[in-house]
Each structure stands twice: as C-alpha cells, then as structure tokens.
Amino acid sequence: MTEAIWGDASKSPAIDWSMSASLENVVRSEQDIAEVSNLEAVVREWLKLDPAHKAAATLSVERPIILDGASHDSLSADGIAMLAERLPA
C-alpha cells in the first residue's frame with residue numbers, strides 16, 4: 001500500500017540542483033548564447049543579470065520541477081525568481 005502525503009511539502013518537493021539546465025535569451029558578447037550548467041549555477045548566474053536581461057531570460061531544465069504544486073520544464077522572470085528563493089545556502 002502506498003501512503004499519500006498531503007500538505008505544503010507535497011506542493012514543492014526537493015529540487016535536484018545538480019540537474020542540467022540552460023539559461024537562454026541572454027545576450028553575451030553581442031551573441032545570444034545559452035548558458036548550460038547545473039541548475040544551481042544557472043540560477044545564480046541569472047541573479048547577476050541586469051533587470052532587462054532577467055526579464056528576457058528563459059531557464060530550461062532537464063526534468064520538470066514542481067513549484068507550488070505546478071510542474072515546469074521551463075521558467076521565465078517571476079518563475080526563475082521563485083526558484084532563486086529556494087537556492088541552497
């Protein structure tokens with residue numbers, strides 16, 4: 001028998017910060033080159049961007065992430081900010 005888990009913990013299970021991720025739509029050296037690394041590094045790189053680049057950026061992940069009960073395979077502006085709030089210390 002499988003036990004169901006209800007409550008806030010089931011809405012946002014642990015995030016695998018080591019999974020592959022890319023940060024797209026960010027111009028570097030006058031070229032739109034995707035930043036590909038692990039999820040934690042990509043989110044930390046997004047935090048360094050100026051507001052205009054943060055707004056334009058798209059983060060794509062290797063596997064869907066569940067945030068507040070919704071599954072995401074890509075995130076933009078507010079979604080990346082929500083993910084950044086969960087970064088490990």
Side-chain angles (χ1 to χ4, degrees):
M1 178 191 249
T2 303
E3 182 179 336
I5 299 173
W6 304 103
D8 291 338
S10 65
K11 288 185 178 182
S12 295
I15 295 169
D16 178 5
W17 293 102
S18 64
M19 82 168 88
S20 295
S22 65
L23 188 61
E24 302 162 354
N25 300 331
V26 179
V27 177
R28 294 175 185 82
S29 302
E30 299 181 19
Q31 294 181 5
D32 184 4
I33 302 171
E35 171 85 22
V36 179
S37 187
N38 65 60
L39 179 58
E40 181 178 355
V42 168
V43 173
R44 291 190 188 282
E45 191 63 32
W46 179 84
L47 287 169
K48 298 176 187 175
L49 297 174
D50 62 70
H53 284 102
K54 282 183 178 179
T58 301
L59 184 148
S60 298
V61 291
E62 170 185 353
R63 294 180 303 282
I65 297 172
I66 299 175
L67 295 173
D68 295 336
S71 179
H72 304 274
D73 56 7
S74 68
L75 299 162
S76 56
D78 292 339
I80 302 172
M82 187 172 18
L83 190 59
E85 292 173 359
R86 294 167 167 83
L87 277 168

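Computed from heavy atoms alone, side chains included, the values below leave out hydrogens, waters and symmetry copies. Computed from a prediction, not measured in an experiment: that's the story for all the values here.
Counting non-hydrogen atoms of other residues, nucleotides and ligands closer than 6.0 Å to CG of D50 gives a total above 12.
Considering CD1 of I65 and CH2 of W17, their distance stands at 7.0 Å, rounded to 0.5 Å. Of the inter-residue distances, the one linking D16 atom CG with R63 atom CZ reads 4.5 Å to the nearest 0.5 angstrom. Note that CG of L83 is 10.5 Å distant from CD of E40, once rounded to the nearest 0.5 Å. Distance check: R86 CZ to I15 CD1 gives 6.0 Å after rounding to the nearest 0.5 Å. Annotation: the span from L39 atom CG to S18 atom OG amounts to 9.0 Å, rounded to 0.5 Å. For the atom pair CG (L75) and CG (L23), the distance works out to 11.0 Å, reported to the nearest 0.5 Å.
Shown here for S22 and V42, the closest heavy-atom pair between the two residues is C-CG1, 4.1 Å. Across V26 and A57, no two heavy atoms sit closer than the pair CG2-CB, 3.7 Å. When all heavy atoms of A21 and N38 are compared, the closest pair comes out as CB-C, 4.3 Å. The nearest pair of heavy atoms linking P88 to R44 is O-NH2, 2.6 Å. Contact record, L47 with A84: CD2-CB, 3.8 Å, taken as the closest heavy-atom pair. When all heavy atoms of E62 and S20 are compared, the pair lying nearest together is OE1-N, 2.8 Å.
At least one side-chain heavy atom of D68 sits less than 4.5 Å from a side-chain heavy atom of M82. Annotation: side chain of M19 is in contact with side chain of V61 (closest heavy-atom distance under 4.5 Å).
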